[in-house]
Amino acid sequence: MTSPLSAIHERIHHAAGGRPVKLLAVSKTRSAAEVAQLAAAGQRAFGENYVQEACGKIDALAELALEWHLIGQLQSNKCRQAAERFDWVESLDRAKLVEPLARYRPVQRPPLNILIQVNIDDEASKAGCLPEQVAALAAEVAAQPRLQLRGLMAIPAPLDSPRRAAAFAAMAQLFTELRRGHPNIDTLSMGMSDDFELAIAHGSTEVRLGSALFGPRG
Ligand SMILES: *Cc1c(COP(=O)(O)O)cnc(C)c1O
């Protein structure tokens, strides 16, 4: 099977007009063998929704030295494993998780990269903090030496594209505001298989693609 990776790189490059946009391969429900196959084609960064499911793949593929991002909702009883095993947590959405993530981050590893997940327009979802909570949460993360604040993440509600564009634009605005106080942040994670080009047009620096890379989920 040919990997669609290069076709995706081409579409990202085209949408971004040469601006660098990182590709996160979302490997939830995919086997370690499928991840290994994409890694062999050159993909380094993988996103997982469930800590438990991810740990099996992280162990199985340890020698590939891949970069693992937690993109699913984080429960407080999973903070230790998340801090020990992942390189990034993109789904930080409440202050209560900050101290445990920092405490459990192993000293021999670099600080854990953190994105704050924002509930930009999805009233049906409990994931993500409200836009007005971002500044306070960012300050808590920035105060922890074992954590590295990198930016924001969002999963907009499933909507028609004009409202989707508005959600992406609102995220870009929040990101710009946050960067005034935290000039080193560099990551705005938004855009999935069905809308990544629109997200890039609105300033996304990282797209999270599952089905576009691996095919439909069963
Ligand atoms: C599943 C998932 C994705 C990828 O979705 P696709 O539509 O398969 O690209 C991206 N981000 C998050 C948070 C997800 O849960």
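For the numbers below, each heavy atom of this structure counts, side chains included, while hydrogens, waters and symmetry mates do not. The chain is numbered in sequence order, starting from 1.
A search for salt bridge (charged side-chain N to carboxylate O under 4.0 Å, His left out) contacts involving Asp87 returns Arg109, not counting sequence neighbours.
Atom OG1 of Thr205 is separated from atom CD1 of Ile200 by 10.0 Å, given to the nearest 0.5 angstrom. Atoms OH and SG, on Tyr50 and Cys55 in that order, are 14.5 Å from each other to the nearest 0.5 Å. In this structure, CG in Asn49 is found 13.0 Å from NE2 in His69, a value given to the nearest 0.5 Å. Atom CZ of Arg179 is separated from atom CG of Leu188 by 9.0 Å, given to the nearest 0.5 angstrom. To the nearest 0.5 Å, atoms CG (Leu149) and CG (Asp186) are separated by 9.5 Å. Atom CG in Leu213 sits 13.0 Å away from atom CZ in Arg208 (nearest 0.5 Å).
Side chain of Gln133 to main chain of Ala135: no donor-acceptor pair is present (N/O by atom type, distance under 3.5 Å, no hydrogens or angles). Under a 3.5 Å cut-off, the side chain of Arg146 and the backbone N or O of Pro106 do form a donor-acceptor pair. With hydrogens and angles ignored, the 3.5 Å screen pairs no side-chain donor or acceptor of Arg150 with any backbone N or O of Asn113. Side-chain atoms of Thr187 never come within 3.5 Å of backbone atoms of Gly151 as a donor-acceptor pair (strictly under, hydrogens ignored). A donor-acceptor pair under 3.5 Å is absent between the side-chain atoms of Lys57 and the main chain of Glu48, judged by distance alone. In this structure, Arg103 contributes its side chain and Arg80 its backbone to no donor-acceptor pair below 3.5 Å.
Heavy-atom contacts from other residues, nucleotides or ligands closer than 6.0 Å to CD of Glu10 number 12 or fewer. More than 12 non-hydrogen atoms from other residues, nucleotides or ligands lie less than 6.0 angstrom from CD of Gln108.
Between His182 and Ala138 the shortest heavy-atom distance is NE2-CB, 3.8 Å. Considering every non-hydrogen atom in both Gly128 and Asp93, the closest pair reads N-OD2, 3.1 Å. Annotation for Glu90 and Met153: closest pair O-CB, 3.4 Å, computed over non-hydrogen atoms. Taking both residues in full, the closest heavy atoms of Glu206 and Ser189 are given as OE2-OG, 3.2 Å, listed atom of the first, atom of the second, then distance. Listed here is the closest heavy atom pair of Cys79 and Leu97: SG-CD2, 3.7 Å. Summarising the geometry of Arg217 relative to Gly210, their closest heavy-atom pair is NH1-CA, 4.2 Å, with the distance given to 0.1 Å.
Taking hydrophobic clusters as Ile, Leu, Val, Met, Phe, Trp and Tyr residues chained together by side-chain heavy-atom distances below 4.5 Å, Ile116 shares a cluster with Leu101. Linking ILVMFWY residues whenever their side-chain heavy atoms come closer than 4.5 Å, directly or via other members, leaves Val98 and Ile71 in distinct clusters. With hydrophobic clusters built from ILVMFWY side chains whose heavy atoms lie under 4.5 angstrom apart, Ile114 does not share a cluster with Leu24. A continuous path of ILVMFWY side-chain contacts below 4.5 Å connects Met190 to Leu198, so both sit in one hydrophobic cluster. By the criterion of side-chain heavy atoms lying less than 4.5 angstrom apart, applied directly or through intervening Ile, Leu, Val, Met, Phe, Trp or Tyr residues, Leu137 is not grouped with Leu130; the two fall into different hydrophobic clusters.
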Practice task
Decide side chain to side chain contact (heavy atoms under 4.5 Å, CB included) for Leu23 and Leu5; before the verdict, give the C-alpha distance in whole Å, the side-chain angles of both, and the deciding distance to 0.1 Å.
Solution key: CA-CA 10 Å; Leu23 172 58; Leu5 191 59; 3.6 Å; yes
Practice task
Using the side-chain hydrogen bond (donor to acceptor under 3.5 Å, both in side chains) rule, take Ser27 and Glu34 through it: C-alpha gap first, then chi angles, then the decisive distance, then the call.
Solution key: CA-CA 8 Å; Ser27 46; Glu34 288 174 280; over 6 Å; no
Practice task
Evaluate side chain to side chain contact (heavy atoms under 4.5 Å, CB included) for Asp59 paired with Arg85, printing each intermediate quantity in order.
Solution key: CA-CA 9 Å; Asp59 287 339; Arg85 310 307 304 279; 2.4 Å; yes
Problem - Candidate pair Ser91 and Gln73, rule side chain to side chain contact (heavy atoms under 4.5 Å, CB included), full reasoning - result: CA-CA 6 Å; Ser91 47; Gln73 199 165 19; 5.8 Å; no
Problem - Check against side chain to side chain contact (heavy atoms under 4.5 Å, CB included), Leu92 and Val141 - result: CA-CA 10 Å; Leu92 182 82; Val141 174; 3.4 Å; yes
Exercise for the section: Show your reasoning for whether salt bridge (Lys or Arg N to Asp or Glu O under 4.0 Å) applies to Glu84 and Lys78. Expected result: CA-CA 10 Å; Glu84 288 176 350; Lys78 292 289 194 301; over 6 Å; no
Exercise for the section: Verify side-chain hydrogen bond (donor to acceptor under 3.5 Å, both in side chains) between Gln144 and Glu140, making sure each step is shown before the conclusion. Expected result: CA-CA 7 Å; Gln144 294 285 352; Glu140 298 230 18; over 6 Å; no
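Between Arg30 and Glu53 there is no side-chain heavy-atom pair separated by less than 4.5 Å. Contact of the Leu38 side chain with the Phe214 side chain is registered, since non-hydrogen atoms from C-beta on lie closer than 4.5 Å. Put simply, the side chain of Cys129 does not reach to within 4.5 Å of the side chain of Arg94, judged on heavy atoms. Within the 4.5 Å cutoff, no side-chain heavy atoms of Trp88 are placed close to those of Leu70.
With respect to Arg11 and Glu197, a salt bridge is recorded, a charged nitrogen being found less than 4.0 Å from a carboxylate O.
Just one residue in the list Leu115, Val134, Ile120 forms a side chain to side chain contact (heavy atoms under 4.5 Å, CB included) with Leu152, and that residue is Val134.
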Distance-only donor-acceptor pairs under 3.5 Å for side chains of residues 154-169, two or more places apart:
{"residue": "Arg164", "atom": "NH1", "partner": "Asp195", "partner atom": "OD2", "Å": "2.3"}
{"residue": "Arg164", "atom": "NH2", "partner": "Ala157", "partner atom": "O", "Å": "2.5"}

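Proximity of the aromatic rings of Phe46 and Trp68 is defined here by a centroid distance below 6.0 angstrom, and this criterion is met.
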